[in-house]
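All figures in this text were calculated on a predicted structure; none of them were measured in a lab. One-based numbering, in listed order, for ligands and for the atoms of each.
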Amino acid sequence: MTRVRFISADGGTTVEVEGKPGTRLLDLAQANDQPLEGTCEGAMACSTCHVVIAAADFATLPKASAEEEDMLDFAWGVTRTSRLACQIWLSESLASLEVRMPGGSVDMR
Ligand code: FES
C-alpha cells in the first residue's frame with residue numbers, strides 16, 4: 001500500500017488515504033474528492049489532472065514520458081515537480097506520496 005497525502009492548493013486541507021499497487025493516482029484522487037477533472041480520462045490530451053508532487057517523492061517516481069512533458073508545458077501553474085495524475089500508478093515500492101493540487105487548470109482540448 002502507498003500512503004498518499006493530498007494537499008489543497010492553499011495548503012489548508014490535507015487528506016490522507018492508502019492506495020493499492022496498480023491504482024492510478026487520478027482515480028484515487030477523484031475517489032477522495034480532490035478537484036481534478038481528468039477530462040480526457042488519461043489520454044494525455046487535457047492537463048486537467050495536473051498535480052504538484054513533493055520534491056523528495058518526485059525523484060522516486062518513474063520519469064514522465066515525452067508526451068506527458070509536452071502536455072505539462074500547457075498546464076496551469078506548472079512547477080519542476082509537476083506531473084499528470086493520470087500517468088502515475090502506485091506501486092509496491094512506493095511507500096508514500098505527497099500530492100498538492102495546483103491553483104487552477106487548463107483544459108487543452
Ligand atoms: S486526464 Fe487528461 S491529461 Fe490526464
Taking the minimum heavy-atom distance to atom 3 (S) of ligand 1, which of S47, G38, G42 ranks first?
-> S47

Is it the side chain, the backbone, both or neither of A43 that has a heavy atom closer than 4.0 Å to ligand 1?
-> neither

Of the non-hydrogen atoms in C49 and L84, which two are nearest, and what is the gap between them?
-> SG-CB, 3.6 Å

Closest approach of F58 and R80, non-hydrogen atoms and distance?
-> CZ-O, 3.6 Å

Below 4.0 angstrom from a heavy atom of C49, which ligand 1 atoms are there? Numbered from 1 as shown, please.
-> 1 (S), 3 (S), 4 (Fe)

Would you mind listing which atoms of ligand 1 come within a distance below 4.0 Å of any non-hydrogen atom of A45?
-> 3 (S)

Between F74 and L26, is there a shared hydrophobic cluster once you connect ILVMFWY residues whose side-chain heavy atoms come closer than 4.5 Å?
-> no

Determine the sole option in L25, T48, V51 for which the side-chain contact (heavy atoms from CB on, under 4.5 Å) test with L36 is passed.
-> V51

Verify the distance test for C46 against atom 4 (Fe) of ligand 1: any N/O/S atom under 2.8 Å, yes or no.
-> no

Using 2.8 Å as a strict upper limit, say whether an N, O or S atom of C86 approaches atom 4 (Fe) of ligand 1 that closely.
-> yes

Start with the C-alpha distance between I53 and V99, add both sets of side-chain angles, then the distance that settles side-chain contact (heavy atoms from CB on, under 4.5 Å), and finish with yes or no.
-> CA-CA 5 Å; I53 308 289; V99 181; 4.2 Å; yes

Pick from K63, Q87, R83: which one makes a side chain to side chain donor-acceptor pair (under 3.5 Å) with E68?
-> R83

Does ligand 1 have an atom under 4.0 Å from some heavy atom of M71?
-> no

Contact flag C40/atom 2 (Fe) of ligand 1, N/O/S atoms, threshold under 2.8 Å = yes

